[in-house]
Amino acid sequence: MNNIKEEDSFPMFTMANRGLLLLCGIYTIAWAGLFKWFGSALFSWLAMQSDLDIMMTTGWYGMIGIIAGVLLFLSAFYPVSWIYLIAIGLTGKLITIIYFLLVYLPNFEWNKRIGFHLIFNEALFFLLITGMLWKAWRVKKYLATLPD
């Protein structure tokens, strides 16, 4: 009897993992696009106020998110070979989290919509992408140990 699990000896990046990367990329693009093109309306919705007077620009925030989302989307096609795209997309996601916390959050009161955006749209996807980067790195490391 062999007690070693197959997945421990041979790491794999499955199609489900690729699908998760595609989902993370598309979702990041969609939310970043909302911030880029509908920033003031989105802020009014997030703040739960219809007459929000805060005029903050969201162009850079949206562009960083769109670029990160496109890189994550593209990385799903060859995740082991294009591991650097996952890493850059993850860095972009981290930048958007920090940017939102430092620039936008001080102007709002905490509510369930802002909590949803930070916890689900930013932090959860950041953790999922980190897991995908870790898995791709393990597969790349394993493939480097194989003889040519």
Side-chain angles (χ1 to χ4, degrees), residues 3-49 52 54 56-146:
N3 292 335
I4 298 174
K5 293 181 182 177
E6 174 105 11
E7 61 208 32
D8 290 339
S9 62
F10 182 75
M12 293 185 299
F13 202 91
T14 63
M15 291 304 285
N17 298 126
R18 290 175 189 224
L20 196 56
L21 267 178
L22 286 171
L23 177 68
C24 289
I26 291 170
Y27 203 78
T28 301
I29 292 168
W31 269 96
L34 286 174
F35 272 99
K36 171 122 177 84
W37 290 293
F38 304 108
S40 60
L42 187 59
F43 277 146
S44 295
W45 179 79
L46 281 173
M48 299 179 86
Q49 299 173 5
L52 187 68
I54 301 170
M56 293 180 287
T57 60
T58 57
W60 284 105
Y61 181 80
M63 280 309 296
I64 292 169
I66 289 172
I67 291 168
V70 167
L71 292 176
L72 290 171
F73 181 81
L74 290 175
S75 70
F77 294 106
Y78 300 104
V80 177
S81 299
W82 293 350
I83 195 168
Y84 58 90
L85 289 181
I86 301 172
I88 295 169
L90 183 66
T91 304
K93 198 71 172 156
L94 181 63
I95 290 169
T96 60
I97 293 170
I98 293 169
Y99 193 89
F100 190 89
L101 288 173
L102 295 177
V103 175
Y104 300 138
L105 192 59
N107 297 312
F108 298 124
E109 293 180 18
W110 185 261
N111 61 48
K112 62 184 175 184
R113 290 179 184 171
I114 291 174
F116 168 79
H117 176 70
L118 284 176
I119 294 167
F120 186 70
N121 295 341
E122 299 292 349
L124 177 65
F125 280 101
F126 180 79
L127 293 174
L128 289 173
I129 297 165
T130 303
M132 295 303 103
L133 179 63
W134 174 253
K135 222 171 187 156
W137 181 75
R138 284 184 52 213
V139 171
K140 187 172 185 105
K141 186 177 159 185
Y142 174 77
L143 290 175
T145 63
L146 294 177

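Here the structure is a predicted model, which means the values were calculated and not measured. Values below: all heavy atoms of this structure, side chains included; hydrogens, waters and symmetry mates excluded.
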Neighbour count >12 (heavy atoms, 6.0 Å) for atom [atom1], [X]:
| X | atom1 | answer |
| --- | --- | --- |
| Y84 | OH | yes |
| W45 | CH2 | yes |
| F38 | CZ | no |

Looking at [X] and [Y], what are the two nearest heavy atoms and their distance?
| X | Y | answer |
| --- | --- | --- |
| G115 | W110 | CA-CZ2, 3.5 Å |
| L72 | I86 | CD2-O, 4.1 Å |
| P11 | R138 | CG-O, 3.7 Å |
| T28 | C24 | OG1-O, 2.7 Å |

- Item | Parallel, tilted or perpendicular: rings of Y104 and Y61 (30°, 60°) | perpendicular
- For the residue pair W31 and H117, categorise the inter-ring angle as parallel (less than 30°), tilted (30 to 60°) or perpendicular (more than 60°). tilted
- Task: Side-chain contact test, heavy atoms from C-beta onward, threshold under 4.5 Å: evaluate it for E122 versus F100 and give yes or no.
- Result: no
Separation between [atom1] of [X] and [atom2] of [Y], rounded to the nearest 0.5 Å:
| X | Y | atom1 | atom2 | answer |
| --- | --- | --- | --- | --- |
| I67 | M63 | CD1 | CE | 4.5 Å |
| L133 | I129 | CG | CD1 | 9.5 Å |
| L20 | F13 | CG | CZ | 8.0 Å |
| L22 | L74 | CG | CG | 9.5 Å |
| I64 | T91 | CD1 | OG1 | 11.5 Å |
| Y142 | L146 | OH | CG | 4.5 Å |

